[in-house]
Each structure stands twice: as C-alpha cells, then as structure tokens.
Amino acid sequence: NFWNFVGAGVFGFIINLPIVNYYEHGTYLTVNHGHAALMGVYGNLAVAAMLFCSRYLIHPDKWSPRLLTCSFWSMNIGLVLMVAMDLFPAGILQLAAVLDNGLWFARSQQFVLSTPFQTFTWMRAVGGAIFVVGGVFPLVVFLVTRLGAIKEGTAADQEVGEPIAREAVQEV
C-alpha cells in the first residue's frame, strides 16, 4: 500500500496537475512516478499473490520467513534508494532545466550527458543492486528451492480429479 499511495497517489497527483504536467512531462519526474507506482500497483500485488498461493502449496516446515523478510525489505529499500538517489532529484534537476531553457534542452544529449545528471543516473545502481540482489534473487531462490517441497494432493483431491482425468482420456 505504501508504494501505491506514494507512487500512484502522491507522485501521480503531482505530475498530473496541468501546469506541472506542461513543464515536466517526459522528464525523470514521470519516470519517478512510473517506477514507484508500478511497484505499488502491480509489483507488490504479484509478489503477494505468488506467496499467498505458495503458502498453500509448500510444506510448512520448508517455509522460510527469514529469506522472505530479506526479500521484502531489500525490494522496498532498493526502490526507496532508486527514487531518492536518482529519479526524484534528477527529475527536479530536469524540471529546473525545462523552466530555464525549455524541454528540448532538458532532454538533449548535452543535458543528459552532463556530470550532475550522470551522477544521479549512476547512483540508481545502488538501489537497483539492493533491489535485485537482496530482493529478487532471494525470492527466486526461495521459490526454486521449494519445488521439491510441494504438498501432495489429498485423497479427496484425487477422487475429484479422477473422473475429470478419465473423461479427458476418453475424449482423446
């Protein structure tokens, strides 16, 4: 809910004000909104749905809250760092350039290759590395290493599934 509120709500509201949108559209402020909102609206929901289903499929003794806690916090801290160290400051820098020289300059190669803008861009790697190495990799490791720990179906599940399987075989 945090990223949904901040990314889609706060940053989305800020950039969609008509006077602001006129000057900032196509700058890193749009990218800032997009990164935060995408994680809030779709990213966290996808991870939550995947773990919700996994909770019912994986044996409880193979569940690893520590690995998932590391993944959760790393994804969130990584995204905070990407937003705070690159996307938002670079967007503000670009907005200032738009106000001073026009959008054409703020999106020009001269501006994008400037030292301040490039410094912000390289700083995104810190958050990105934490997001991927501490967040995505542990989640993938958790899911892949639990493939052998999937619960067997119960007798009731098998009884329900058998007639369907027989009908499918007969149709073929």
Side-chain angles (χ1 to χ4, degrees), residues 1-18 20-21 24-95 107 112 117-154 156-158 160-161 164-165 168:
N1 287 338
F2 174 79
W3 287 114
N4 196 1
F5 174 74
V6 172
V10 175
F11 292 144
F13 176 75
I14 289 172
I15 70 167
N16 283 309
L17 294 171
V20 176
N21 194 336
E24 70 73 40
H25 194 80
T27 67
Y28 264 45
L29 287 176
T30 308
V31 177
N32 177 55
H33 155 68
H35 276 68
L38 184 68
M39 189 62 183
V41 175
Y42 297 110
N44 285 332
L45 182 62
V47 171
M50 183 173 42
L51 292 177
F52 180 81
C53 294
S54 296
R55 190 72 168 153
Y56 289 99
L57 294 172
I58 297 172
H59 282 285
D61 58 325
K62 300 295 183 183
W63 195 258
S64 177
R66 185 175 180 182
L67 193 58
L68 296 174
T69 300
C70 171
S71 177
F72 170 82
W73 284 111
S74 294
M75 279 194 231
N76 284 286
I77 290 169
L79 190 56
V80 164
L81 292 175
M82 280 190 273
V83 166
M85 294 174 72
D86 172 36
L87 301 174
F88 190 71
I92 296 298
L93 183 68
Q94 231 176 353
L95 179 61
R107 294 187 54 166
V112 171
F117 195 83
Q118 285 296 304
T119 302
F120 285 132
T121 301
W122 279 102
M123 288 172 61
R124 185 186 329 173
V126 174
I130 292 171
F131 187 93
V132 171
V133 174
V136 174
F137 285 167
L139 184 60
V140 169
V141 166
F142 172 80
L143 292 170
V144 170
T145 58
R146 290 346 184 245
L147 288 175
I150 295 177
K151 297 176 186 175
E152 295 292 327
T154 63
D157 293 337
Q158 290 174 358
V160 171
I164 296 171

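For clarity, every value in this text was computed on a predicted model and none was experimentally measured.
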> With the side chain counted from C-beta on, respond yes when Leu143 and Met50 share a heavy-atom pair under 4.5 Å apart, and no when they do not.
yes
> Quick check: do Thr30 and Glu24 have side-chain heavy atoms less than 4.5 Å from each other?
yes
> Minimum heavy-atom separation for Arg124 and Asp86, please, with both atom names.
NE-OD2, 2.5 Å
> Looking at Gly12, is its backbone amide N or carbonyl O close enough to the side chain of Asn16 to form a donor-acceptor pair, meaning the two atoms are under 3.5 Å apart?
yes
> What I'd like to find out is whether the side chain of Val126 reaches to under 4.5 Å of the side chain of Met82, using heavy atoms alone.
no
> Can you confirm whether Ser64 sits close enough to Arg146 that some side-chain heavy atom of one is under 4.5 Å from a side-chain heavy atom of the other?
yes
> Using atom types as modelled and distance alone, determine if a side-chain donor or acceptor of His25 lies under 3.5 Å from a backbone N or O of Asn21.
no
> Counting the benzene-type ring for Trp, do Phe88 and Phe11 have ring centres under 6.0 Å apart?
yes
> Report, as yes or no, whether the 6.0 Å neighbourhood of atom NZ on Lys62 holds more than 12 heavy atoms from other residues, nucleotides or ligands.
no
> Measure the CG-CZ distance between Leu139 and Phe137 for me, rounded to the nearest 0.5 Å.
11.5 Å
> Does any N or O in the side chain of Gln94 come within less than 3.5 Å of the main-chain N or O of Leu29, such that one atom is a donor and the other an acceptor?
no
> How long is the straight-line distance from CE of Met75 back to CH2 of Trp3, given to the nearest 0.5 Å?
13.0 Å
> Can you tell me how far CG of Asn4 sits from CE of Met39, rounded to the nearest 0.5 angstrom?
11.5 Å
> For the backbone of Leu67 and the side chain of Ser71, can you confirm whether one donor and one acceptor N or O come within less than 3.5 Å of each other?
no
> Taking the ring centre of each residue, are Tyr28 and Phe117 less than 6.0 Å apart?
yes
> Look up atom CG in Leu87 and atom CG in Leu81, then write down how far apart they are to the nearest 0.5 Å.
11.0 Å
> Calculate, to the nearest 0.5 Å, the distance between atoms OG1 and CD1 belonging to Thr27 and Ile15 respectively.
8.0 Å
> Is any side-chain heavy atom of Trp63 closer than 4.5 Å to one of Leu68?
yes
> Stepwise, does the side-chain contact (heavy atoms from CB on, under 4.5 Å) test hold for Phe13 with Val20?
CA-CA 10 Å; Phe13 176 75; Val20 176; over 6 Å; no
> Once side-chain contact (heavy atoms from CB on, under 4.5 Å) is applied, do any residues pair with Ser74, and if so which ones, sequence neighbours excluded?
Cys70, Ile130
> Do Leu57 and Lys151 have side-chain heavy atoms sitting under 4.5 Å apart?
no
> How long is the straight-line distance from OG1 of Thr121 back to CE of Met85, given to the nearest 0.5 Å?
12.0 Å
> Looking only at atom types and distance, does a side-chain atom of Asn76 sit under 3.5 Å from a main-chain N or O of Phe72, one as donor and one as acceptor?
yes
